Amino acid sequence: MNIKHPSLKTIAILITKRETGHHGVPLAVFMLLLTLSVACTSPAPDQGRDGMTASPALVDPNATGQTRALFVNLDRIRQDHILFGHQDDLAYGVHWINEPGRSDVLEVTGSYPAVYGWELGHIEHGAEVNLDNVNFGQMKGWIREGYERGGVITLSWHPDNPVTGGSSWDVEGGHNVIAEILPGGDLHETFLSWLDRLADFIGDLTSVDEEGNSHPIPVIFRPWHEMNASFFWWGDDYSSHEEYRRFYRFTVEHLRDQRGLNNILWAFSPNSLSEFDYENEYWNWYPGDEYVDVMGFDDYYTTWGGYGHEDGVARLTEYLVWLVEQSEERGKIPALTETGQKDKLDDADWYTNQLLAAITGHPTAQRIAYLLVWRNSNKATDRQDHYYTPYPGHPAEADFLEFVNHPLIWLENDLPDMYSIR
Ligand code: BMA
């Protein structure tokens, strides 16, 4: 680890001393150091990022060692680097589907992405394929493959609307769906069965180590995202902020406490901060420090002047600085949980001129742990012109290479072991 911050150094010295104390210095000195280091690592809201490196307060106090290590390593690495992620990377690309080993990112850069995003929509029905036609059995294999190569896994979920039977985007009738599915609501039992199918899937994500022992694969799960907008049934217009927060907490508690899943880091991510008075309103939906490990936001619009902001790059920098500062105050991991040039990459310089320019616009903005761009929808079978990384021969190839070769940006080939703490 490259320790840049004096206070982080202090903690590291304390910990080193604590270890020495274990093996020799008088007990009183050891206890004093231990007390100091515990004080330094308690999850006080004003603690700052330095305190969490040694002993983060995770949403799940029983998180597996690898899950905890993932958090610690994301936190360490983000001091100097940002992991690049891509949704559905191994399942299909713009010109291929379901071909083992392929990846548009690999074919352009020579490395797989550092973060793999996967989508669980329709798992709630026990379906064989997700809403984008990705087979869930194969998805488990791809998740295992990415993890075993050293990558990081993040999961999103666009479940159908349990009231109307339509999709996540079906807001017809403006129903307060959350009220219907929380305890006491008419559809609570249905919703529990949906959560249980989701939990079964996450519980099945396992890997076998060299000794033949199976263990869970750590994942960053990001439910009920973009809630400040109103295009999903869990969106802002359809329930109160208090109901939304209860809903997020209920989801955490069901998977963690009822289902005993200990391989999850929990991510919270509203839609673009451009869209609302984020400094005051981010907290409207925030379920609380005890329910969030990764603080993020999604942004597709700001860099090219969406929401009427002509100074888009500077705005995105401003949002990232705010996110990093807020995350560090709370001992959380900041991340740009979804981004990309919407809807297709027709600005050949977007990656360096917009995204990288925004990130490098301020030293604090650079301390996000990862960013994830959305999927490369297959041209022949799925949506046309709905892709977020170039493929070989695409005009943005050279710019994308320049982006990934920037020392800040890390792909899978750059990663240290994310699942142990050294
Ligand atoms: C959206 C689009 C949709 C897709 C959904 C879930 O942003 O990519 O086509 O169904 O994500 O992956």
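Keep in mind the model is a prediction, meaning the values are calculated, not measured. The basis for the numbers below is simple: all heavy atoms, side chains too, and nothing from hydrogens, waters or symmetry mates. Numbering of ligands and ligand atoms starts at 1, following listing order.
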Item checked: Counterpart residues, ring pair (Phe, Tyr, Trp, His ring centres under 6.0 Å), relative to F250 (two or more places apart) -> H188
Next item on the list: Determine, for D385 against K379, whether the closest basic-nitrogen to carboxylate-oxygen distance falls under 4.0 angstrom.
Entry: yes
Margin query: Looking at E290, I'd like to know if its CD atom is crowded, meaning that more than 12 non-hydrogen atoms belonging to other residues, nucleotides or ligands lie closer than 6.0 Å.
Written below: no
Next item on the list: Have a look at L265 and tell me which of D60, I220, V292 forms a side chain to side chain contact (heavy atoms under 4.5 Å, CB included) with it.
Entry: I220
For residues 95-102, which side-chain donor-acceptor pairs fall under 3.5 Å, sequence neighbours excluded?
unit_1	atom_1	unit_2	atom_2	d
W96	NE1	D104	OD1	2.7
N98	OD1	Q138	NE2	2.9
N98	ND2	Q138	OE1	3.4
E99	OE1	R102	NH1	3.2
R102	NE	E107	OE2	2.8
R102	NH2	E107	OE1	2.9

Margin query: So if I only count non-hydrogen atoms and take anything under 4.0 Å from ligand 1, which residues does that give, chain by chain?
Written below: E119, L131, D132, H158, W169, W374, R375, R383, H386
Margin query: Please enumerate all residues that pass ring pair (Phe, Tyr, Trp, His ring centres under 6.0 Å) together with W224, with sequence neighbours excluded.
Written below: W157, W233, W234, F247
